[in-house]
Asker: 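One structure is given below, represented as structure tokens, and several questions about it will come after.
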Amino acid sequence: MDGSPSKINNNIEEDWSTTVRFAGDSGDGMQLTGGRLTFEAAITGMGLATFPDYPAEIRAPAGTTYGVSSFQVRFGEGLIASSGDHADILVAMNPAALKVNIKEVIPGGLIIIDSSSFSDRGIKKAGYKDNPLENNSLAGLQLISADISHLTLEAIKEFGLGKKDGLRCRNMWALGLILWLFSKSTKETIKWLENKFGKDNVLTKANVAALNAGHHHAEITEISEDILRKVIPNVKPVPGKWRAITGAESLAFGLATGANKAKLNMTLCSYPITPASPIMHYLANYELEGINIYQAEDEIAACCAAIGVSYAGGLGVTSSSGPGISLKAEAIGLAVSIELPLIIINSQRAGPSTGLPTRAEQSDLMQAVYGRHGEAPLVVLAPKSPSHCFEIAQKAILIAIKYMTPVMILSDAYLTNASEPWLIPNLSKIKEFPVSFGKTQENFMPFERDSNTLARKWVIPGTKGMEHRIGGLEKDSLTGNISYDPENHAKITALRYQKIQNVKKELNDIIITGPKKGEILIIGWGSTNGPISEAQNTLSKNGMKIAHIQLSCLWPLTENLKTIASQFKHVVVVEMNNGQLVNLLKVDITPNAKSITQVSGKPFRVLDLIAKFTAIKQLGK
Amino acid sequence: MDGSPSKINNNIEEDWSTTVRFAGDSGDGMQLTGGRLTFEAAITGMGLATFPDYPAEIRAPAGTTYGVSSFQVRFGEGLIASSGDHADILVAMNPAALKVNIKEVIPGGLIIIDSSSFSDRGIKKAGYKDNPLENNSLAGLQLISADISHLTLEAIKEFGLGKKDGLRCRNMWALGLILWLFSKSTKETIKWLENKFGKDNVLTKANVAALNAGHHHAEITEISEDILRKVIPNVKPVPGKWRAITGAESLAFGLATGANKAKLNMTLCSYPITPASPIMHYLANYELEGINIYQAEDEIAACCAAIGVSYAGGLGVTSSSGPGISLKAEAIGLAVSIELPLIIINSQRAGPSTGLPTRAEQSDLMQAVYGRHGEAPLVVLAPKSPSHCFEIAQKAILIAIKYMTPVMILSDAYLTNASEPWLIPNLSKIKEFPVSFGKTQENFMPFERDSNTLARKWVIPGTKGMEHRIGGLEKDSLTGNISYDPENHAKITALRYQKIQNVKKELNDIIITGPKKGEILIIGWGSTNGPISEAQNTLSKNGMKIAHIQLSCLWPLTENLKTIASQFKHVVVVEMNNGQLVNLLKVDITPNAKSITQVSGKPFRVLDLIAKFTAIKQLGK
Amino acid sequence: MGINEKPSQLKPADYASDQEVRWCPGCGDYAILNAVRKTLADNQSDTKNTVFVSGIGCASRLPYYMATYGFHTIHGRAPAFATGIKITNPELDVWIITGDGDSLSIGGNHFIHVLRRNLNCQILLFNNEIYGLTKGQASPTSRTGTVSPTTLNGSVESPVSACELALSSGATFVARGVDTAIKQLVPTLSEAQKHIGTSLVEIYQNCIVYNDDVFKSFTDKSVAIEKQIHLEDGKPMLFGEDNSKGLAINSNYSALETVDLSKNQEHITRVLIHDIKNKTIAYLLSQMDQSTMPVALGIIYRIKKPTLDSNYINKLKTHKNNLSKIMKKGQTWTI
Amino acid sequence: MGINEKPSQLKPADYASDQEVRWCPGCGDYAILNAVRKTLADNQSDTKNTVFVSGIGCASRLPYYMATYGFHTIHGRAPAFATGIKITNPELDVWIITGDGDSLSIGGNHFIHVLRRNLNCQILLFNNEIYGLTKGQASPTSRTGTVSPTTLNGSVESPVSACELALSSGATFVARGVDTAIKQLVPTLSEAQKHIGTSLVEIYQNCIVYNDDVFKSFTDKSVAIEKQIHLEDGKPMLFGEDNSKGLAINSNYSALETVDLSKNQEHITRVLIHDIKNKTIAYLLSQMDQSTMPVALGIIYRIKKPTLDSNYINKLKTHKNNLSKIMKKGQTWTI
Ligand SMILES: Cc1ncc(C[n+]2csc(CCOP(=O)(O)OP(=O)(O)O)c2C)c(N)n1
Ligand SMILES: Cc1ncc(C[n+]2csc(CCOP(=O)(O)OP(=O)(O)O)c2C)c(N)n1
Ligand code: SF4
Ligand code: SF4
Ligand SMILES: [Mg+2]
Ligand SMILES: [Mg+2]
């Protein structure tokens with residue numbers, strides 16, 4: 001990680017953007033506060049990206065570094081695809097929050113702290129030897145130190161909340177101050193509070209009072225010019241009704257939409273696991289007719305139940321993360337063998353084994369493609385942003401039913417929780433693709449195939465006269481009866497392979513950003529889209545001939561990638577693992593591809609990517 | 001499969017060899033009969049290879065094609081590495097056996113049948129429309145048709161066995177005839193029968209009588225010159241004590257030997273599955289002190305128990321086949337993460353899902369290398385013949401304990417059951433490599449590493465003062481305490497990767513047969529060694545500059561392979577899957593490698609390989 | 001059956017598929033297959049709405065032999081597949097076919113949970129106390145001392161009782177049959193089919209190859225009458241020649257014991273009346289020691305409880321759901 | 001503990017590792033951790049021969065907090081790891097730490113089988129009737145009606161009883177404790193540690209975040225005496241203020257019922273004497289309905305049976321085995 005951020009920063013002309021990070025104890029409401037600021041930026045039509053970061057413990061003791069919860073939001077004009085390498089502003093509600101996050105603040109950045117939390121005890125609990133406010137460790141940074149606790153309690157004393165409840169309003173005080181910094185009024189947030197608690201509720205009143213107090217406090221505080229200029233401008237994107245959406249919500253909506261468009265009942269069969277559970281929680285919460293969830297006893301049962309759902313004529317979906325996906329391997333192999341639709345969602349987390357459950361990584365790609373015994377090909381898709389999850393879920397369903405195949409969607413912990421503005425789609429404008437189940441016919445052959453797709457027919461129990469048997473033993477390539485014939489095995493293995501290759505026909509969507517020919521082609525996949533896009537954007541503006549493809553179908557790989565790649569001097573594959581997609585691409589597509597990887601459980605920093613792309617251009621490595 | 005066998009056959013000068021196939025009902029004792037002929041060939045010191053083929057059903061009804069059991073043995077001078085593409089002689093005990101196996105017989109070959117089984121009922125049961133002996137379907141073949149049933153019952157009538165038991169001696173009658181064809185006496189088999197049942201047992205007497213009757217019958221039968229010339233010559237290989245060994249036995253012996261040499265107790269923790277179970281059965285049967293088996297409730301528990309064994313200071317081994325290996329994925333990932341020795345044996349079978357349990361395939365290679373979530377590297381080894389299993393098992397143990405890592409051994413259904421002559425090793429000559437467990441020390445760090453291997457220390461419960469905790473959450477790269485630190489995660493991921501790369505130091509054994517430079521380098525792995533070696537041998541003799549490497553370590557891949565490969569015009573990877581090793585090798589080693597694959601659950605035929613290699617040489621494809 | 005035929009009255013043979021049955025000659029599975037076909041015929045089950053779901057093992061081959069829908073899945077997981085099927089189409093009549101290894105070794109967890117959830121289906125557990133398909137290793141129901149390729153000196157583990165485990169898992173229907181008493185098995189299967197909830201029927205099945213005669217001590221014709229008790233709800237628990245013996249609870253309630261009525265008619269007062277809803281007695285019936293007591297056959301326990309699938313019926317109605325509205329819930333803004 | 005120190009008498013604190021304990025403030029796990037440390041101190045367990053093996057979940061973090069050997073494995077599989085450990089070194093004192101989800105949902109199969117095999121170890125099952133670590137979904141022990149992120153309208157499934165399931169799996173030691181009654185829990189754990197075989201101790205544990213007060217109906221100080229019965233082998237089953245109530249079996253043996261001795265002293269004859277070997281009564285004790293009956297705490301059931309690991313002791317002796325001889329068995333030939 002060479003090249004200090006500020007240096008590079010100065011060389012590059014950028015659109016305006018700013019990054020704010022809220023940090024405090026899990027109980028301090030930082031996620032909520034961050035969400036509010038996100039909304040304020042969103043309604044002005046700005047681009048934005050967020051990065052919520054939760055502690056791994058359910059509820060760590062207050063004031064400890066491992067209990068710190070943070071929420072970063074970056075917004076601005078132009079393309080805002082990543083949540084920002086560094087924070088311009090850090091709100092730290094206690095010493096632990098400062099300690100954990102201080103290294104994320106850019107030189108010259110602003111830090112806002114609650115001075116009352118910097119007691120000896122608080123400082124020690126955070127693992128500081130001495131008071132960081134006094135030992136020069138914040139040199140080069142701007143500091144707003146206010147006794148937020150005291151000021152909040154003062155502001156709300158008339159409402160008679162106890163101290164504990166009263167201090168819960170500190171986050172609104174901080175938000176008030178931040179809103180003022182961005183020249184925003186408190187109006188929208190007051191509306192939201194009234195909506196949330198009820199207009200006359202004492203909680204509403206106290207929170208509003210704290211919010212306004214923070215806002216007023218900012219007016220009387222001396223703040224550097226540099227920060228004051230960060231007025232949120234009004235940029236107008238596509239008109240329509242917008243909302244914020246996380247990847248998990250977007251997948252849930254996408255699945256429900258896809259099932260509706262296919263006219264299928266759908267059941268998500270799952271077993272709780274971080275960070276996959278929210279998809280199940282959202283679907284449970286929506287309570288849509290024809291869209292169900294089933295919490296199984298384990299991941300194996302969940303996958304088998306999902307296959308059962310599809311067997312009976314519903315859309316079976318199963319969702320998990322690393323450990324659970326590993327457990328599903330055998331059942332997924334059966335789904336490949338019996339050729340039924342199945343959607344498998346992997347919200348990838350970091351590390352082998354239990355690893356880092358709350359952190360993102362892209363190290364399950366090879367497993368998705370190859371992680372089953374036997375030749376058992378399936379389709380692997382990857383969404384590149386929270387809103388893209390919505391499209392990918394639908395595409396997965398379309399492919400699964402058209403090709404009678406399992407489709408794996410590779411999401412990750414970052415996509416699951418990150419949110420972005422989303423133009424709420426008009427569902428009636430989305431094309432339907434209703435399934436036609438096999439009907440009663442003479443001479444039915446369960447494994448006869450459509451000559452175009454090579455998919456077999458989906459004939460469900462209840463269909464008269466079509467009674468038949470399927471299973472995981474090798475089967476005759478037409479009748480589906482058990483067959484030990486060597487040639488039949490070779491034939492049906494080839495058919496299963498070719499069927500998945502045929503899915504390439506659905507993949508007319510390799511989108512290349514930038515020139516069609518040039519110095520560097522970056523290939524990424526999944527949640528790295530943000531930082532890659534920004535790095536590419538910046539470097540193009542500086543004159544580099546750099547293009548970018550964020551692959552959304554990782555298996556089968558489209559062949560025209562080879563032609564595209566041949567137009568560039570360097571092909572660079574960027575991913576959050578030890579180099580998995582690059583190894584897939586080196587086979588027959590781009591044998592000389594270079595690889596940029598990071599396996600820290602954290603998203604790439606744009607500046608690191610810029611430095612690395614520049615090095616590749618200059619030094620060829 | 002172009003090029004008719006006989007045509008190619010005529011062009012090629014070969015060492016003498018012959019292939020005999022016995023086929024009958026499961027109850028006809030064909031495996032035993034084949035085993036006897038194998039032994040007779042073995043004691044003359046010939047090269048040989050066998051191919052037992054069982055029906056998938058436990059006990060199919062008599063006379064059906066799916067109940068046919070067969071045993072093929074090939075023996076001869078010089079290199080006999082494959083069990084033969086085609087049979088020179090087929091013994092078919094009933095019409096079903098004829099029907100299933102007739103296509104395996106070479107033009108001009110000899111067929112021996114029991115005429116009494118060709119009743120209308122028997123013919124119909126086999127699915128023949130009319131009598132194959134009468135409809136010219138055996139044209140171009142030699143036929144010995146004898147009423148074996150009747151002749152056998154006649155020969156043994158004095159011993160008063162019932163008809164059912166009496167007919168059980170038919171196989172000995174057939175064996176007697178075959179022995180005569182090869183100019184062998186019945187002496188050794190009589191000795192063996194006496195040993196088996198006891199000298200005075202009526203079964204011994206009846207079987208001996210049948211054997212001799214078959215032998216005498218042959219004398220009075222007219223047999224073509226062509227077959228009579230197949231006298232078994234006496235070739236003398238390495239002197240010493242020999243026995244026949246199957247891959248499963250060899251693995252069991254190798255494991256036990258390795259554990260002894262490491263001075264470890266060993267427990268094989270497993271769950272029954274075809275074709276892996278024999279390894280467990282053999283180890284159970286040996287009843288060796290310090291070598292145990294544990295039959296778990298499922299494969300997951302088996303793998304976890306094996307890890308528990310290693311945790312407690314034993315050598316944990318787990319063994320399974322496709323479906324079971326898929327289930328173990330999560331637990332294997334934990335073993336990678338906590339860095340304990342573990343041996344995993346995969347006796348590969350054909351197909352995805354349940355597939356073809358009794359057939360061989362090599363389609364679990366990618367799963368072995370990549371089939372877990374996260375970056376979870378381990379070592380993958382593959383034995384190339386039954387006797388090689390013995391070496392590989394020991395090597396796996398050495399690597400597992402030296403590098404504190406799981407090692408996966410990829411065997412297959414063919415290796416498991418096939419047998420070959422084996423010079424019984426002098427165990428005292430094999431070097432010991434005793435484990436040294438970590439001892440009580442100050443400042444113990446559970447994840448401190450040996451600077452050479454990068455292995456951590458193996459410190460087992462019971463060691464005073466060294467109490468420590470391990471687990472699957474990401475851990476500090478020294479203390480092993482839970483660590484959520486991104487840089488630590490990156491660091492320990494790299495260490496785990498590098499540790500496995502270091503295993504290359506153990507792999508000084510890339511054996512290349514043939515020229516170091518030339519037209520074609522064939523790379524194979526596992527049980528394809530036989531047919532590849534023979535094809536290469538034949539083509540070299542015909543002047544082709546063709547070399548062969550049978551890789552026994554599939555992960556990590558040794559880099560000097562690149563240098564070796566660069567000396568050949570074509571690199572051809574041969575494997576029984578859709579092209580897995582070839583894809584691993586195309587990454588940075590041999591990007592232009594060609595691929596020859598077969599996914600029929602059957603071993604390659606030498607003649608097919610010869611044709612394909614020739615085509616590659618001539619047409620470049 | 002062809003797609004146009006509509007036999008007025010289906011016979012057992014009408015439930016046979018065109019696939020050749022492939023078990024070892026003499027295997028107990030044949031008799032059970034016939035009982036299943038007969039049961040379907042007795043109840044005139046509709047082949048198109050019937051699904052046989054199985055795991056892996058000899059027993060699990062059964063679906064191939066039925067002219068209904070059939071799904072031969074993976075080892076131990078049939079209940080999980082059945083769950084997916086029933087919550088998608090609760091109308092289907094789902095039969096789970098499983099072996100002792102399939103359901104109680106690798107599949108133990110799914111066995112417990114399907115019973116706990118009371119999915120409306122039948123489980124036929126073919127218990128031959130051995131792994132048949134993989135050539136004879138000891139299973140969780142194998143008796144202590146069983147000699148097998150993995151227990152050469154006799155198994156040291158204690159067997160588990162399928163019925164007892166089912167009861168503790170919350171089963172609502174627990175019954176037992178045996179391959180040699182098909183006349184009694186058919187009505188038991190018929191009741192199982194009619195029960196709303198998970199019906200477990202453990203069927204003792206002789207594996208002629210790997211565990212022959214393991215049930216001989218109570219199936220042999222010469223002893224059957226003394227060593228089997230066929231339970232009937234509301235009837236006294238009598239067995240033996242002329243019903244001369246009865247079952248009673250012992251003094252500290254820890255086990256059942258046999259009372260001999262031929263010696264003392266008055267003991268009849270101690271004989272328990274079979275109360276199909278009494279779980280305690282069900283436990284005691286399923287724990288009876290085969291060496292000293294008769295084997296309890298027929299329906300051991302049956303209660304009513306809501307099923308899992310009934311919860312899904314209402315949720316499966318329509319695709320006109322209010323997704324659009326839900327997407328707009330919460331904070332939105334218009335540009 | 002450092003490698004040279006040898007405190008003559010270990011205190012509970014000597015069993016604490018240097019890792020900070022990281023459960024939610026107020027979590028019941030803290031009290032149980034203390035009870036475990038106290039038990040080890042009471043029995044002067046040797047830290048070097050003690051191994052805590054756990055699955056995944058809040059409870060399963062416990063091994064990190066003990067100054068013994070510890071192995072935090074994967075979700076649901078701790079019993080399988082423990083089995084490998086014990087058959088390799090039967091001398092080790094192995095404690096399995098697990099949650100209700102860990103042991104009864106994903107780990108149900110291993111739970112059954114470790115009990116069936118009677119591995120000599122302790123299982124402490126922290127039952128908070130919820131998935132804690134994954135933020136509050138219903139678990140197999142959650143009561144019907146439990147509202148959670150996956151059961152928004154209340155769970156429709158019936159909970160399983162850990163003790164009942166354990167009994168049917170062949171458990172040889174079944175006990176129960178609660179995080180609010182540590183004084184009784186410590187001796188129970190101590191007995192569990194001493195028992196030779198698998199000792200299951202189900203410990204009701206309050207999850208203050210996701211299932212707060214779910215056990216309040218019998219743990220609340222005001223009702224504890226009326227709603228808990230602390231069992232003692234050989235003693236009558238009495239509870240309540242002044243031991244004025246007792247447990248008796250009902251007339252058809254289907255359940256236990258409360259008799260009020262304060263109303264009629266003579267009812268004492270109906271009160272059961274706790275016979276720790278009586279499985280029927282153990283079943284009834286573990287099935288008691290919390291809403292109408294007291295909760296049974298202490299040792300419910302205990303019997304002796306051979307352990308799995310004892311079979312391995314003899315086999316673990318030496319490396320001088322006769323492999324060489326075995327290789328030469330059967331047919332060989334010399335050249
Ligand atoms: C995951 C997996 N593990 C193991 C096997 C091998 N296997 C097939 S059937 C079986 C057990 C058969 O026993 P049981 O369930 O009692 O049925 P039976 O053959 O006796 O009817 C086993 C271990 C498999 N097919 N899949
Ligand atoms: C294979 C796998 N599936 C799922 C998870 C996620 N997970 C972790 S703990 C847990 C359940 C926790 O519940 P419980 O066992 O009751 O323990 P508690 O947290 O309540 O103490 C789950 C589902 C996992 N880590 N691994
Ligand atoms: S092995 Fe046993 S259970 Fe299987 S088919 Fe043969 S007799 Fe039946
Ligand atoms: S979530 Fe519940 S069980 Fe877990 S630590 Fe917090 S209070 Fe304890
Ligand atoms: Mg069985
Ligand atoms: Mg819990």
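Note on naming: letters A, B, ... go to the chains in the order of the sequence lines (proteins, then strands), and numbering restarts at 1 for each one. Predicted model, so just to flag it, every value in this text is computed and none were measured.
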Asker: If we ignore hydrogens and angles and just use 3.5 Å, is the side chain of B:Arg469 paired with the main-chain N or O of D:Ser17 as donor and acceptor?
Answerer: no
Asker: Using non-hydrogen atoms only, which part of B:Asp298 is less than 4.5 Å away from chain D: side chain, backbone, both, or neither?
Answerer: side chain
Asker: Measuring from atom CZ of D:Arg22 to atom CD1 of B:Ile482, what distance do you get when rounded to the nearest 0.5 angstrom?
Answerer: 7.5 Å
Asker: So which of B:Ile300, B:Leu423, B:Asn285 has the biggest tally of heavy-atom pairs under 4.5 Å with chain D?
Answerer: B:Ile300
Asker: Counting distance only, does the side-chain N/O of D:Trp333 pair as donor-acceptor with the main-chain N or O of B:Lys241 below 3.5 Å?
Answerer: no
Asker: Does atom NZ of B:Lys457 have more than 12 heavy-atom neighbours, drawn from other residues, nucleotides or ligands, at distances under 6.0 Å?
Answerer: no
Asker: Atom NZ of residue position D:Lys305 - does it have more than 12 heavy atoms of other residues, nucleotides or ligands inside 6.0 Å?
Answerer: yes
Asker: D:Phe71 vs B:Tyr311, test: ring pair (Phe, Tyr, Trp, His ring centres under 6.0 Å). Steps then yes/no.
Answerer: CA-CA 9 Å; D:Phe71 193 177; B:Tyr311 176 77; 4.6 Å; yes
Asker: With a 4.5 angstrom heavy-atom cut-off, could you sort out which part of B:Ile460 is near chain D: side chain, backbone, both or neither?
Answerer: backbone
Asker: Quick one: are B:Phe253 and D:Leu323 in side-chain contact, heavy atoms under 4.5 Å?
Answerer: yes
Asker: Where on B:Tyr286 is there a heavy atom nearer than 4.5 Å to chain D: the side chain, the backbone, both, or neither?
Answerer: both
Asker: Specify the closest pair of heavy atoms between D:Ala80 and B:Cys304, including all atoms of both residues, with the distance to one decimal.
Answerer: CB-CB, 3.6 Å
Asker: Given side chain to side chain contact (heavy atoms under 4.5 Å, CB included), test B:Glu297 with D:Ile112 step by step and report yes or no.
Answerer: CA-CA 10 Å; B:Glu297 59 271 30; D:Ile112 299 171; over 6 Å; no
Asker: Give, as side chain, backbone, both or neither, the part of B:Thr257 having an atom under 4.5 angstrom from any heavy atom of chain D.
Answerer: both
Asker: Check B:Pro461 against D:Val51 and note the closest heavy-atom contact, atom names and distance.
Answerer: CB-CG2, 3.7 Å
Asker: Check each atom of B:Leu334 against the heavy atoms of chain D and say whether the ones under 4.5 Å are side chain, backbone, both or neither.
Answerer: side chain
Asker: Below 4.5 Å from any heavy atom of chain D, which atoms of B:Phe390 appear? Answer side chain, backbone, both or neither.
Answerer: side chain
Asker: Checking heavy atoms, do the side chain of B:Phe39, its backbone, both or neither come under 4.5 Å from chain D?
Answerer: side chain
Asker: Considering only heavy atoms, which portion of B:Ala306 lies under 4.5 Å from any heavy atom of chain D: side chain, backbone, both, or neither?
Answerer: neither
Asker: Mind checking the SG-CZ spacing from B:Cys303 to D:Phe81? Nearest 0.5 Å is all I need.
Answerer: 7.5 Å
Asker: How long is the gap from CG on B:Asn426 to OG on D:Ser324, to the nearest 0.5 Å?
Answerer: 6.5 Å
Asker: Under a plain distance cut-off of 3.5 Å, with no hydrogens placed, do D:Thr47 and B:Glu467 share a side-chain donor-acceptor pair?
Answerer: yes
Asker: I'd like to check D:Asn322 versus B:Glu289 (side-chain heavy atoms, cut-off strictly below 4.5 Å). Are they in contact?
Answerer: no
Asker: With a 4.5 angstrom heavy-atom cut-off, could you sort out which part of B:Ile293 is near chain D: side chain, backbone, both or neither?
Answerer: backbone
Asker: With side chain to side chain contact (heavy atoms under 4.5 Å, CB included) as the criterion, how do D:Ile87 and B:Asn292 come out once you've worked through the C-alpha distance, each side chain's angles and the decisive distance to 0.1 Å?
Answerer: CA-CA 9 Å; D:Ile87 64 178; B:Asn292 290 309; over 6 Å; no
Asker: Pick from B:Leu473, B:Asn481, B:Ile470: which one has the most heavy-atom pairs with chain D under 4.5 Å?
Answerer: B:Ile470
Asker: If I compare all heavy atoms of D:Asn49 with all of B:Gly462, which pair ends up nearest, and what's the gap?
Answerer: OD1-CA, 3.4 Å
Asker: Need one label for D:Leu308: side chain, backbone, both or neither, based on atoms under 4.5 Å from any heavy atom in chain B.
Answerer: side chain
Asker: Using non-hydrogen atoms and a 4.5 Å limit, figure out which bit of D:Leu92 sits close to chain B: side chain, backbone, both or neither.
Answerer: side chain
Asker: A side-chain contact here means heavy atoms from C-beta on lying under 4.5 Å apart; do B:Trp242 and D:Thr334 qualify?
Answerer: no
Asker: Quick check for you: among B:Ala305, B:Ala296, B:Ala244, B:Gly472, which has the greatest number of heavy-atom pairs under 4.5 Å with chain D?
Answerer: B:Ala305
Asker: For B:Ala331, is it the side chain, the backbone, both or neither that has a heavy atom under 4.5 Å from a heavy atom of chain D?
Answerer: both
Asker: Which heavy atom in D:Tyr69 sits nearest to a heavy atom in B:Thr463, and how many Å separate them?
Answerer: OH-O, 2.6 Å
Asker: Would you name the heavy atoms of D:Met327 and B:Arg243 that are closest together and state the gap between them?
Answerer: O-NH1, 2.8 Å
Asker: Could you look at D:Arg116 and say if it's the side chain, the backbone, both or neither that has a heavy atom under 4.5 Å from chain B?
Answerer: neither
